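Below is one structure; the comments refer to it alone.
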Amino acid sequence: MYEKRLFTLKEEKLIRALELRKDNKKKESNQLLLKIVEEYPDNALVNYQCAWSFDILGEESKAVPFYERAIKLGLSGKDLEGAILGLGSTYRTLGEYEKSKNTFLKGIELFPNNRAIQVFYSMTLYNLNDHRKAMEILLKCLLDTTADSEILSYKKAINFYADKLDEIWK
């Protein structure tokens, strides 16, 4: 039996904004999302989508308050993962490395299996000149996710050296 779902006006507008984004009409999507945020300022998902819309327009500094608000309002699940990754990455691109680091550490604590958060965190560590830790994280992510037989044939050695890159054996 076909059951028609009734959407609220907010949901219909949000769906339209996401369709515009999907159709590569990023500016129009952003403009609609800004209007939706004005109408529903305390909606975590709307704030998150608005932040994302600024990010894809290359207007990272405008994305920050929307990411922060979405997280503060109680975003959860995959949306929270995405918001943490987006906010941490945005802080990094703005040169706010400590904020980026703290955001990613929170993300790693909440979502320890999210490799994307770990990879973006390693970029922040690079910017903080913690190259050793950045490489260690990247190497472990590579080993945990690759299907490349050549790399996997050296898995034990790569894993051993991942946190010993500065050591010299004589």
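Just so you know, these numbers come straight off a predicted model, no measurement behind them.
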Quick check for you: to the nearest 0.5 Å, what is the distance between [X] atom [atom1] and [Y] atom [atom2]?
{"X": "I36", "Y": "E12", "atom1": "CD1", "atom2": "CD", "result": "11.0 Å"}
{"X": "E81", "Y": "N114", "atom1": "CD", "atom2": "CG", "result": "4.5 Å"}
{"X": "R21", "Y": "D23", "atom1": "CZ", "atom2": "CG", "result": "12.0 Å"}
{"X": "D55", "Y": "T93", "atom1": "CG", "atom2": "OG1", "result": "7.0 Å"}
{"X": "R92", "Y": "T103", "atom1": "CZ", "atom2": "OG1", "result": "13.0 Å"}
{"X": "K27", "Y": "L20", "atom1": "NZ", "atom2": "CG", "result": "13.5 Å"}

Please name the pair of heavy atoms, one in [X] and one in [Y], separated by the smallest distance, quoted to 0.1 Å.
{"X": "L165", "Y": "M135", "result": "CD1-CB, 3.4 Å"}
{"X": "K140", "Y": "A162", "result": "CE-CB, 4.1 Å"}
{"X": "L152", "Y": "L143", "result": "CD2-O, 4.2 Å"}
{"X": "I71", "Y": "A83", "result": "CG1-CB, 4.0 Å"}
{"X": "N47", "Y": "P41", "result": "ND2-O, 3.0 Å"}
{"X": "C50", "Y": "V37", "result": "CB-CG2, 3.7 Å"}

Exercise. Does Y48 have any ring-ring contact (aromatic ring centres under 6.0 Å, His included) partners at least two apart in sequence or in another chain, and if so, which?
Worked result: W52
Is it possible for you to say whether [X] and [Y] belong to one hydrophobic cluster, with membership spreading through side-chain heavy-atom contacts below 4.5 Å?
{"X": "L94", "Y": "L105", "result": "yes"}
{"X": "Y40", "Y": "L34", "result": "yes"}
{"X": "L33", "Y": "I56", "result": "yes"}
{"X": "I108", "Y": "I84", "result": "yes"}
{"X": "L87", "Y": "L110", "result": "yes"}

If the condition is side chain to side chain donor-acceptor pair (under 3.5 Å), which residues does [X] pass it with, not counting sequence neighbours?
{"X": "S53", "answer": "N30"}
{"X": "E59", "answer": "K62"}
{"X": "R132", "answer": "E136"}
{"X": "S100", "answer": "T124"}

According to the ring pair (Phe, Tyr, Trp, His ring centres under 6.0 Å) rule, which pairs have a member within [range], sequence neighbours left out?
{"range": "residues 105-130", "answer": "Y126-H131"}
{"range": "residues 56-82", "answer": "F54-F66"}
{"range": "residues 81-108", "answer": "none"}

For this session: Walk me through it: do E39 and K13 pass the test side chain to side chain contact (heavy atoms under 4.5 Å, CB included)?
Result: CA-CA 11 Å; E39 292 178 52; K13 288 179 181 179; 2.6 Å; yes
Exercise. Does E98 have any side chain to side chain contact (heavy atoms under 4.5 Å, CB included) partners at least two apart in sequence or in another chain, and if so, which?
Worked result: K101, L128
Problem set entry | Under the side chain to side chain contact (heavy atoms under 4.5 Å, CB included) test, residues paired with L142 that sit two or more places apart | T146, I151
Problem set entry | Student check: side-chain heavy atoms of E60 and V64 closer than 4.5 Å | no
For this session: Would you confirm whether S89, through its side chain, and L85, through its main-chain N or O, come within 3.5 Å as a donor-acceptor pair?
Result: no
Problem set entry | Note: K22-E19 ion pair, threshold 4.0 Å (strictly below) | no
Problem set entry | Pair K25 + E28, salt bridge at N-O below 4.0 Å | no
Problem set entry | All pairs passing side-chain hydrogen bond (donor to acceptor under 3.5 Å, both in side chains) where residues 150-170 contributes a residue, at least two apart | none
Problem set entry | salt bridge (charged side-chain N to carboxylate O under 4.0 Å, His left out): pairs with one or both residues in residues 105-131, sequence neighbours excluded | R115-D144
Exercise. Given the rule in the side chain to side chain contact (heavy atoms under 4.5 Å, CB included) test, do I137 and V119 qualify, once you have shown the distances and angles that lead to the verdict?
Worked result: CA-CA 7 Å; I137 291 168; V119 168; 6.0 Å; no
